[in-house]
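Here the structure comes first, spelled out in structure tokens, and everything after it is commentary.
Only heavy atoms go into these numbers, but all of them, side chains included; no hydrogens, no water, no symmetry mates. Everything numeric here is computed off the predicted structure, so don't read it as measured data. For this chain, numbers begin at 1 and follow the sequence in order.
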Amino acid sequence: PWSDRLVILVVTVSRGHRRLMEILNVGADDYMAKPVEAESLDVRLSIAERRVVLNRRRSAAEVAQKHSLQRLAALRQVHRSILAAEAADAVAETALDHLQELLSFGVAAVQRFDFYAQEADEIALRDGDTGLRRRGSDADLDDYAVDFNFLQGKTRVAGNLVSEARSAVEQDLAAVGMRAFVHLPLIARSALVGSIYLARPEAQTYGHRDMEILNEVAASLAVALYD
């Protein structure tokens, strides 16, 4: 809001109490009566500057608190869906639904891996009307670049898929306009059971807070796929 960036200081010739109250009631933060001394003005401006800084900090704290409450609510719904759902695909669909409330993405998907058959089953997809081809239940694991690092639980992050795509899935995402990409392994009881990825058209990597949310959702999804 503008009040976080601006303090209105009125300089007036009026000294009447009623007039000064009118000035404050219409939105002024402070007033000074003429003639104005330079030292007094410096003091008032310093106070105004501190007020702006405090307002910004308060607003940032309120936004962070609101985001935290939204995250907790969404995660609670994911956890409840795991307890209530009989099928892993229903849990995955619910997880993506709630992620849409918390994170910005153009495409998101959840996969279950079958290492015996060397296949990946895409059990949930949000393609944002991009026309991305759904891979279904018999995609090759190589399409997802499941390498040693991924097996060890390392998240794959790319800032711009146009220049950084290294799998068939990432190339397909780049072709429909996606740029930033994050791909998380779903690990339960030391076993890689699947993955979740998000991609968006902005060439900007997902931040620390986004990754916290994704890691919490990934942990719940891993349990659901394992069971």
Supply the atom-to-atom distance [X] [atom1] to [Y] [atom2], rounded to the nearest 0.5 angstrom.
{"X": "Asn25", "Y": "Arg18", "atom1": "CG", "atom2": "CZ", "value": "12.0 Å"}
{"X": "Leu186", "Y": "Ser220", "atom1": "CG", "atom2": "OG", "value": "10.5 Å"}
{"X": "Met178", "Y": "Glu202", "atom1": "CE", "atom2": "CD", "value": "8.0 Å"}
{"X": "Lys154", "Y": "Asn149", "atom1": "NZ", "atom2": "CG", "value": "5.0 Å"}
{"X": "Ile47", "Y": "Asp29", "atom1": "CD1", "atom2": "CG", "value": "12.0 Å"}
{"X": "Thr94", "Y": "Asp89", "atom1": "OG1", "atom2": "CG", "value": "9.5 Å"}

Co-members of [X] in a cluster of I, L, V, M, F, W and Y side chains, linked at under 4.5 Å:
{"X": "Val26", "value": "none"}
{"X": "Val162", "value": "none"}
{"X": "Val11", "value": "Leu9, Met32, Val36, Leu41, Leu45"}

A side-chain contact here means heavy atoms from C-beta on lying under 4.5 Å apart; do [X] and [Y] qualify?
{"X": "Leu221", "Y": "Val110", "answer": "yes"}
{"X": "Val7", "Y": "Glu49", "answer": "no"}
{"X": "Glu216", "Y": "Leu214", "answer": "no"}
{"X": "Leu151", "Y": "Pro185", "answer": "no"}
{"X": "Asp172", "Y": "Asp143", "answer": "no"}
{"X": "Gln111", "Y": "His183", "answer": "yes"}

Which atom names give the shortest non-hydrogen contact between [X] and [Y], and what distance separates them?
{"X": "Ala222", "Y": "Ala188", "result": "O-CB, 3.6 Å"}
{"X": "Ala158", "Y": "Glu164", "result": "CA-OE1, 3.5 Å"}
{"X": "Arg112", "Y": "Ala88", "result": "NH1-CB, 3.6 Å"}
{"X": "Ala28", "Y": "Val10", "result": "CB-CG2, 3.7 Å"}
{"X": "Leu184", "Y": "Phe150", "result": "C-CZ, 3.7 Å"}
{"X": "Tyr144", "Y": "Ala139", "result": "CE1-CB, 4.1 Å"}

Taking side chain to side chain donor-acceptor pair (under 3.5 Å) as the test, write out the residues that go with [X], two or more places apart.
{"X": "Arg156", "answer": "Glu170"}
{"X": "Glu22", "answer": "Arg19"}
{"X": "Asp97", "answer": "Arg126"}

Shared hydrophobic cluster for [X] and [Y] (ILVMFWY, side-chain gaps under 4.5 Å):
{"X": "Leu99", "Y": "Leu225", "result": "yes"}
{"X": "Ile196", "Y": "Ile187", "result": "no"}
{"X": "Ile213", "Y": "Val91", "result": "yes"}
{"X": "Tyr226", "Y": "Val146", "result": "no"}

- Let me see the working for Val107 and Leu198 under side chain to side chain contact (heavy atoms under 4.5 Å, CB included), right down to the final yes or no. CA-CA 6 Å; Val107 177; Leu198 271 65; over 6 Å; no
Using the test ring-ring contact (aromatic ring centres under 6.0 Å, His included), find all partners of [X] that sit at least two apart in sequence or belong to another chain.
{"X": "Phe105", "value": "none"}
{"X": "Tyr197", "value": "Phe181"}
{"X": "Phe113", "value": "none"}

- Query: Should His98 and Val217 be marked as a side chain to side chain contact (heavy atoms under 4.5 Å, CB included) after you check the CA-CA gap, both sets of side-chain angles, and the distance that decides it?
  - Reply: CA-CA 10 Å; His98 291 296; Val217 171; over 6 Å; no
- Item | Any residue meeting salt bridge (Lys or Arg N to Asp or Glu O under 4.0 Å) with Asp147, in chain and number order, not counting sequence neighbours |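 Listed in chain order: Arg166.
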- Got a sec, which residues hit salt bridge (Lys or Arg N to Asp or Glu O under 4.0 Å) with Asp30, two or more places apart in sequence or on another chain? Arg44
- Query: Can you check side chain to side chain contact (heavy atoms under 4.5 Å, CB included) on Thr205 and Asp210, steps first, answer last?
  - Reply: CA-CA 10 Å; Thr205 56; Asp210 296 335; over 6 Å; no
- Query: Is it true that atom CG of Asp129 has more than 12 heavy atoms of other residues, nucleotides or ligands lying nearer than 6.0 Å?
  - Reply: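 12 or below, so no.
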- Near Glu39 CD, under 6.0 Å, is it more than 12 heavy atoms from other residues, nucleotides or ligands? no
- Message: Tell me whether Asn160 contacts the main-chain N or O of Arg179 through its side chain, where contact means a donor paired with an acceptor under 3.5 Å.
- Response: no
- Backbone of Met211 reached by a side-chain donor or acceptor of Asn215 within 3.5 Å: yes
- Task: Begin from the C-alpha positions of Val53 and Arg56 and carry the test side chain to side chain contact (heavy atoms under 4.5 Å, CB included) through to its verdict.
- Result: CA-CA 5 Å; Val53 171; Arg56 286 178 176 173; 5.7 Å; no
Considering only distance and modelled atom types, tabulate donor-acceptor pairs under 3.5 Å from the side chains of residues 115-123, sequence neighbours left out.
| unit_1 | atom_1 | unit_2 | atom_2 | d |
| --- | --- | --- | --- | --- |
| Gln118 | NE2 | Phe115 | O | 2.9 |
| Glu122 | OE1 | Arg135 | N | 3.3 |

